[in-house]
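One structure below.
Residue numbers run from 1 in the order of the sequence given.
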Amino acid sequence: MWVLAAVGSAVFAGITSILAKCGIRHTDSDVATAVRTIVVLVFAWLTAGVVGSIPTITQITPNSLLFLALSGLATGASWICYFKALSMGDVNKVVPIDKCSTVLAVLLAIVLFGETQNLAVKLVGCAGILVGTLMMIERKRQDHDVQGRSWMWYAVGSAVFAALTSILAKVGIEGVESNLATAIRTCFVLVMAWVVVAMRGKLGEVRGIDRHELLFICLSGVATGASWLCYYYAIQTGVVSVVVPIDKLSIVVAMAFSAVVFKETYTKRSLTGLAIIVASTLLMAVFR
């Protein structure tokens with residue numbers, strides 16, 4: 001079941017990237033992140049209520065709460081970097097770099113959680129993902145106007161914080177129902193997102209969001225909520241070093257949609273890189 005949950009997480013995460021890109025064409029990325037977090041929060045708490053886990057909130061230990069909070073803050077930082085990168089660069093460039101968080105998360109899981117089963121396969125898989133990523137971020141003509149190379153640094157920041165999110169969440173979710181854990185950590189993401197908007201003086205831009213883009217922002221929030229619910233169930237019941245790579249297969253969904261929706265183009269080199277990433281991920285998933 002946790003493998004299927006990880007696959008579901010990948011599908012919804014891929015859809016999220018496309019919906020979010022549609023919602024930040026004219027809307028500031030920080031404002032969009034803050035608004036969509038509200039949608040994710042409502043979605044998460046409704047789900048926790050449906051499964052009946054809210055009453056168990058009093059049983060959460062201070063240690064679990066701390067790590068859920070840290071995981072939420074790391075997620076907030078990752079989101080801010082990720083959607084800033086999406087607003088500046090092409091989906092087919094930002095997403096691959098963001099997915100490098102797979103390698104860091106797997107290595108941390110091996111060291112911190114002792115997930116050394118089939119270690120050689122995991123290391124080969126990580127190497128393949130890195131090689132594939134480097135092939136996909138080749139320097140080529142941009143499909144859209146891009147503000148220098150700043151998008152790349154935001155994408156790298158997104159990857160680092162995303163990896164930390166997985167590790168911190170694994171610790172914090174121990175003994176906590178996964179839907180409730182998702183709802184709790186989203187509270188911290190929400191606070192961080194709105195604090196950033198306020199500190200940057202962008203609160204006034206919220207009322208000016210285009211209705212069409214607002215719809216896509218909200219839909220991306222629903223997709224994110226669904227992805228999280230699947231992801232943290234998989235994290236709680238499965239193996240982190242396997243769940244994370246499967247989740248990152250969302251790159252296939254995101255790039256397929258970006259080609260159709262945004263007409264973003266791919267070279268043979270970038271497609272080969274994508275194939276290597278997928279093959280490496282499947283290798284790690286099969287020989288888990």
(request) Calculate, to the nearest 0.5 Å, the distance between atoms CE and CD1 belonging to Met255 and Ile18 respectively. (result) 10.0 Å
(request) Grab the two heavy atoms, one from Val253 and one from Val11, that are nearest each other, plus how far apart they are. (result) CG1-O, 4.1 Å
(request) Say whether, by atom type as modelled, one donor and one acceptor occur between the side chain of Thr61 and the main chain of Ser64 under 3.5 angstrom. (result) yes
(request) State the SG-CG distance between Cys126 and Leu283, to the nearest 0.5 angstrom. (result) 10.5 Å
(request) Please report the closest heavy-atom contact between Ala13 and Ser250, naming both atoms and the distance. (result) CB-CB, 3.7 Å
(request) Mind jotting down which residue pairs meet the ring pair (Phe, Tyr, Trp, His ring centres under 6.0 Å) criterion with at least one end in residues 197-220? Sequence neighbours excluded, please. (result) His212-Phe216
(request) Measure the OG1-CH2 distance between Thr47 and Trp228 for me, rounded to the nearest 0.5 Å. (result) 12.5 Å
(request) Report yes if the side chains of Val106 and Met284 come closer than 4.5 Å at any heavy-atom pair, otherwise no. (result) yes
(request) Please answer: with hydrophobic residues joined when any side-chain heavy atoms are less than 4.5 Å apart, are Val7 and Tyr233 in the same cluster? (result) no
(request) Take Ser101 and Val160, measure what side chain to side chain contact (heavy atoms under 4.5 Å, CB included) needs, and give me the verdict at the end. (result) CA-CA 6 Å; Ser101 60; Val160 172; over 6 Å; no
(message) Strictly by salt bridge (charged side-chain N to carboxylate O under 4.0 Å, His left out), give each pair with a member in residues 193-205 just once, sequence neighbours left out.
(response) Asp28-Lys202, Asp30-Arg200, Asp30-Lys202
(message) Tell me whether Thr272 contacts the main-chain N or O of Lys268 through its side chain, where contact means a donor paired with an acceptor under 3.5 Å.
(response) yes
(request) Establish whether Val40 and Phe188 are linked, either directly or via other cluster members, by ILVMFWY side-chain heavy-atom contacts under 4.5 Å. (result) no
(request) Can you see which heavy atom on Ala44 is nearest to which on Ala183, and at what distance? (result) CB-CA, 3.7 Å
(message) Pairing donors with acceptors under 3.5 angstrom, does anything connect the side chains of Ser166 and Tyr231?
(response) yes
(request) Kindly state each residue pair satisfying ring pair (Phe, Tyr, Trp, His ring centres under 6.0 Å) with at least one member in residues 16-49, sequence neighbours excluded. (result) none
(message) So Met1 and Thr237, do their side chains get closer than 4.5 Å, heavy atoms only?
(response) no
(request) Indicate yes or no: at least one non-hydrogen side-chain atom of Ile60 is less than 4.5 angstrom from one of Ile184. (result) yes
(message) Within the supplied structure, the quantity of interest is the number of heavy atoms (other residues, nucleotides, ligands) at a distance under 6.0 Å from Tyr154 OH; does it exceed 12?
(response) no
(request) Any chance you could lay out the side chain to side chain contact (heavy atoms under 4.5 Å, CB included) test for Ser258 and Tyr266, step after step, and finish with the verdict? (result) CA-CA 10 Å; Ser258 69; Tyr266 306 103; 2.5 Å; yes
(request) For residues 180-189, pull every pair meeting side chain to side chain donor-acceptor pair (under 3.5 Å), keeping only residues two or more places apart or in separate chains. (result) Ser71-Arg185, Thr75-Arg185, Arg185-Tyr232
(message) Determine whether a donor-acceptor pair (N or O, by modelled atom type, separation under 3.5 Å) exists between the side chain of Thr267 and the backbone of Ser270.
(response) yes
(message) Measuring from atom CG of Leu134 to atom CZ of Arg269, what distance do you get when rounded to the nearest 0.5 angstrom?
(response) 8.0 Å
(request) Drop me the distance from Met135's CE to Leu130's CG, to the nearest 0.5 angstrom. (result) 13.5 Å
(request) Could I get the full list of side chain to side chain contact (heavy atoms under 4.5 Å, CB included) partners for Val278, not counting sequence neighbours? (result) Leu249, Val252, Leu274, Leu282
(message) For Phe12, is there any backbone N or O sitting under 3.5 Å from a side-chain donor or acceptor partner on Thr16?
(response) yes
(message) Using only atom types and a distance under 3.5 Å, with no angle test, would you say the side chain of Lys122 pairs donor to acceptor with the backbone of Glu115?
(response) yes
(request) Please test Trp79 against Arg36 for side chain to side chain contact (heavy atoms under 4.5 Å, CB included), starting from the C-alpha separation and ending with a verdict. (result) CA-CA 11 Å; Trp79 273 12; Arg36 67 191 296 275; 3.5 Å; yes
(message) Same cluster or not: Met88 versus Val196, using hydrophobic residues (I, L, V, M, F, W, Y) connected whenever any side-chain heavy atoms lie under 4.5 Å apart?
(response) no
(message) To check you understand the geometry: which heavy-atom pair defines the closest contact between Val94 and Ala85, and what is its length?
(response) CG2-O, 3.5 Å
(request) Using the rule that two of Ile, Leu, Val, Met, Phe, Trp, Tyr join whenever any of their side-chain heavy atoms come within less than 4.5 Å, decide whether Val39 and Val191 are in one cluster. (result) no
(request) Could you tell me whether the side chain of Ser78 and the main chain of Phe161 form a donor-acceptor pair under 3.5 Å? (result) no
(request) Would you check if Leu66 and Pro62 make a side-chain contact, meaning some heavy-atom pair closer than 4.5 Å? (result) no
(message) Using 0.5 Å steps for rounding, measure from the CG atom of Leu271 to the CD1 atom of Ile276.
(response) 11.5 Å
(message) Determine whether a donor-acceptor pair (N or O, by modelled atom type, separation under 3.5 Å) exists between the side chain of Asp210 and the backbone of Glu213.
(response) yes
(request) Would you confirm whether Gln236, through its side chain, and Ile173, through its main-chain N or O, come within 3.5 Å as a donor-acceptor pair? (result) yes
(message) Quick one, Trp151 and Leu86 - any side-chain contact, counting heavy atoms below 4.5 Å?
(response) no
(message) Ignoring hydrogens, what is the shortest heavy-atom contact between Gly72 and Val189? Give both atom names and the distance.
(response) O-CG2, 3.1 Å
(request) Using a 4.5 Å cut-off on heavy atoms from C-beta on, say whether the side chain of Leu123 contacts that of Leu107. (result) yes
(request) For Thr37, enumerate each residue passing the side-chain hydrogen bond (donor to acceptor under 3.5 Å, both in side chains) test, keeping only those at least two apart in sequence or located in another chain. (result) none
(request) Could you tell me whether a side-chain N or O of Ser220 sits under 3.5 Å from a main-chain N or O of Ile217, the two making a donor and an acceptor? (result) yes
(message) Just by distance, no angles: are the side chains of Ser53 and Asn179 close enough, under 3.5 Å, to form a donor-acceptor pair?
(response) no
(message) Tell me the closest heavy-atom pair linking Ala105 and Ile167, and the distance in Å.
(response) O-CD1, 3.7 Å
(message) Please say yes or no: joined through hydrophobic side-chain contacts below 4.5 Å, possibly via intermediate residues, are Phe113 and Val239 part of one cluster?
(response) yes
(message) Between Tyr82 and Ser17, is there a side-chain heavy-atom distance shorter than 4.5 Å?
(response) yes
